Amino acid sequence: MYQNKTILQYFQQLANDKNGCENVVKYFLNRIEAFKHLNAFIEVYTEESIQRAKALDTKRNNGESLGKLHGVIVALKDVICYKGHKISAASNILKDFTSVYSSTAVEKLLAEDAIIIGNCNCDEFAMGSTNENSAYGKVLNTLDETKVPGGSSGGSAVAAQAGLCMISLGSDTGGSVRQPADFCGIIGLKPTYGRISRHGLIAYASSFDQIGIFGNNIEDVALVLEIISGADEYDSTVSNKKLEKFNASSHNNSKYKFAYFKNALDHPSLDQDIKKNIEDLIKKLSADGHEVKGINFELLDYIVPAYYVLATAEASSNLSRYDGVRFGKRETSGTDLTDMYTKTRTKGFGKEVKRRIMLGTFVLSSGYYEAYFTKAQQIRRLLVNQTEKIFKDFDAILIPTVPATALSIGAMEKDPVATYLADIYTVFANLTGIPAISIPLFKHSNNMPFGVQIMSDKYNEVTLLQISDRILRDHKTA
Ligand code: GLN
């Protein structure tokens with residue numbers, strides 16, 4: 001009934017339905033209940049969203065002016081603060097912690113009449129690629145429940161995939177929106193670093209973190225981006241650069257210049273079926289009259305190591321605040337302050353988070369700082385320089401999102417390094433700050449979906465969305 005519609009189509013439907021918002025909330029609440037076993041949600045705000053829907057219906061029936069997201073059902077990743085609601089980053093250390101303020105993104109959604117229906121499961125502190133590192137357990141991929149949905153925003157991805165909301169928000173530090181979008185067959189956008197305020201987003205790696213958007217069509221993703229982006233007095237890294245308006249028909253005849261990385265497509269880790277489909281897409285885009293050129297990106301193999309040095313270094317610093325004193329759980333059995341810290345952190349954090357805190361602390365330690373942290377910063381600078389050069393000649397870069405389709409549950413548990421290496425195509429956009437999107441185009445011979453990743457120059461999300469819209473319309477094969 002309300003599924004597979006764009007927000008605009010939903011608005012048309014609402015115009016003739018006096019209790020439309022209430023009906024739609026109940027419809028989604030029923031679906032959430034019916035798909036409970038997917039474990040996508042941590043908490044569902046049942047009563048509250050029904051009350052809000054009723055208030056919105058009254059507002060509409062009274063002829064008052066309506067917000068741009070009037071009655072739109074949104075789900076949040078459990079790292080995005082919503083005042084008065086629990087937030088834990090899917091960690092035991094923050095279980096039962098309640099947000100004392102709302103993130104800027106949430107404030108903006110609410111100001112435009114959105115209905116926030118609940119918060120979604122994810123990897124602990126957004127560290128992971130499968131959603132298996134969660135204090136609330138794993139999330140299932142609706143298309144095949146023996147497979148992971150990806151991570152770290154796995155719950156948000158499944159909420160959008162299974163039609164449990166209209167739009168969901170995740171966070172993307174190294175691919176956590178694009179990778180699960182790819183595994184789930186939906187759209188996942190990571191905007192430019194500095195497009196959306198990080199105020200109220202629980203920090204993992206502050207120079208990479210960005211809120212991202214999951215949706216089932218480009219138009220909706222563009223609308224939500226327009227609403228939640230923009231300068232914010234609480235986050236000095238947000239730019240006040242204008243976001244152009246997305247217009248679905250304005251680019252029907254545009255011809256674009258695409259670059260693709262030849263060595264990314266030849267990478268030994270890339271699945272052959274994915275490779276072939278992306279090569280075919282490249283041919284089709286050329287045939288459509290776009291300019292598509294293969295280039296070699298020499299720094300490809302340095303991307304993952306640089307990301308894991310820098311992200312874990314930042315994480316070790318960001319997570320030092322969870323010591324049992326100010327936030328979340330405290331182990332009271334400690335004999336002195338240090339013992340209390342140790343016990344709290346030992347009990348509160350999961351295995352992967354501990355691994356990353358240790359790795360990050362190590363790369364920052366005196367004696368190793370120059371060899372790891374400084375080196376990785378130098379690589380980051382080279383990547384930024386090379387990327388700037390590429391965008392002097394091209395509108396967009398085409399690259400796979402992930403080297404493989406959704407993995408079986410448990411498949412990666414024993415090999416964290418293999419899991420890290422699978423981030424090869426996504427962490428590039430976070431290291432350089434450029435916007436990137438994963439769009440669902442294909443079906444693998446194993447029946448799982450996958451897409452292509454497109455990146456554009458900084459603050460050029462509208463070109464990115466227009467290109468994505470065109471490619472989805474012209475070349476979606478599944
Ligand atoms: N897989 C990446 C990691 O584990 C992505 C994390 C993210 O984007 N939050 O760090």
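Just so you know, ligand 1 is whichever comes first in the structure, and atom 1 is the first atom listed for that ligand. Not measured: the values here are computed from a predicted model.
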Does [Y] offer a backbone N or O that forms a donor-acceptor pair with the side chain of [X] under 3.5 Å?
{"X": "His267", "Y": "Leu265", "answer": "no"}
{"X": "Ser456", "Y": "Thr463", "answer": "no"}
{"X": "Asp232", "Y": "Tyr234", "answer": "yes"}

Measuring from the heavy atoms of [X], does anything fall under 4.0 Å of ligand 1?
{"X": "Phe208", "answer": "no"}
{"X": "Gly128", "answer": "yes"}
{"X": "Arg356", "answer": "yes"}
{"X": "Tyr420", "answer": "no"}

Between ligand 1 and [X], is the shortest N or O to N or O distance under 3.5 Å?
{"X": "Ser129", "result": "yes"}
{"X": "Gly175", "result": "yes"}
{"X": "Gly151", "result": "no"}

Any chance you could lay out the side-chain contact (heavy atoms from CB on, under 4.5 Å) test for Asn141 and Met448, step after step, and finish with the verdict?
CA-CA 10 Å; Asn141 190 318; Met448 292 310 284; 3.8 Å; yes
Can you list the ligand 1 atoms lying under 4.0 Å from a non-hydrogen atom of [X]?
{"X": "Asp172", "result": "8 (O)"}
{"X": "Tyr308", "result": "1 (N), 2 (C), 3 (C), 4 (O), 10 (O)"}
{"X": "Ala126", "result": "6 (C), 7 (C), 9 (N)"}
{"X": "Tyr307", "result": "2 (C), 3 (C), 5 (C), 6 (C), 10 (O)"}

Measure the distance from atom 2 (C) of ligand 1 to every protein heavy atom, then report the residue, atom name and distance (to 0.1 Å) of the closest one.
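Looking at atom 2 (C) of ligand 1, the protein heavy atom closest to it is Asp423 OD2, 3.2 Å.
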Top protein contact for atom 5 (C) of ligand 1, by heavy-atom distance:
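Nearest protein contact, heavy atoms only, for atom 5 (C) of ligand 1 is Ser176 OG, 3.3 Å.
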Charged N to carboxylate O below 4.0 Å: is that the case for Arg356 and Glu352?
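Salt bridge: yes.
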Lys/Arg-Asp/Glu bridge criterion (N-O < 4.0 Å) met for Arg178, Asp182:
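Judged by the 4.0 Å cut-off on N to carboxylate O distance, Arg178 and Asp182 do not form a salt bridge.
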Geometric class of the Tyr420/Tyr308 ring pair [parallel <30°, tilted 30-60°, perpendicular >60°]:
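Correct class here is parallel.
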Plane angle bin for Phe428 and Phe297 - parallel if under 30°, tilted between 30 and 60°, otherwise perpendicular
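Ring orientation, 0 to 90° scale: perpendicular.
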Run through Lys414, Glu413, Met412 and flag the one making a side chain to side chain contact (heavy atoms under 4.5 Å, CB included) with Thr419.
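Testing Thr419 for a side chain to side chain contact (heavy atoms under 4.5 Å, CB included) against Lys414, Glu413, Met412 leaves exactly one candidate, Met412.
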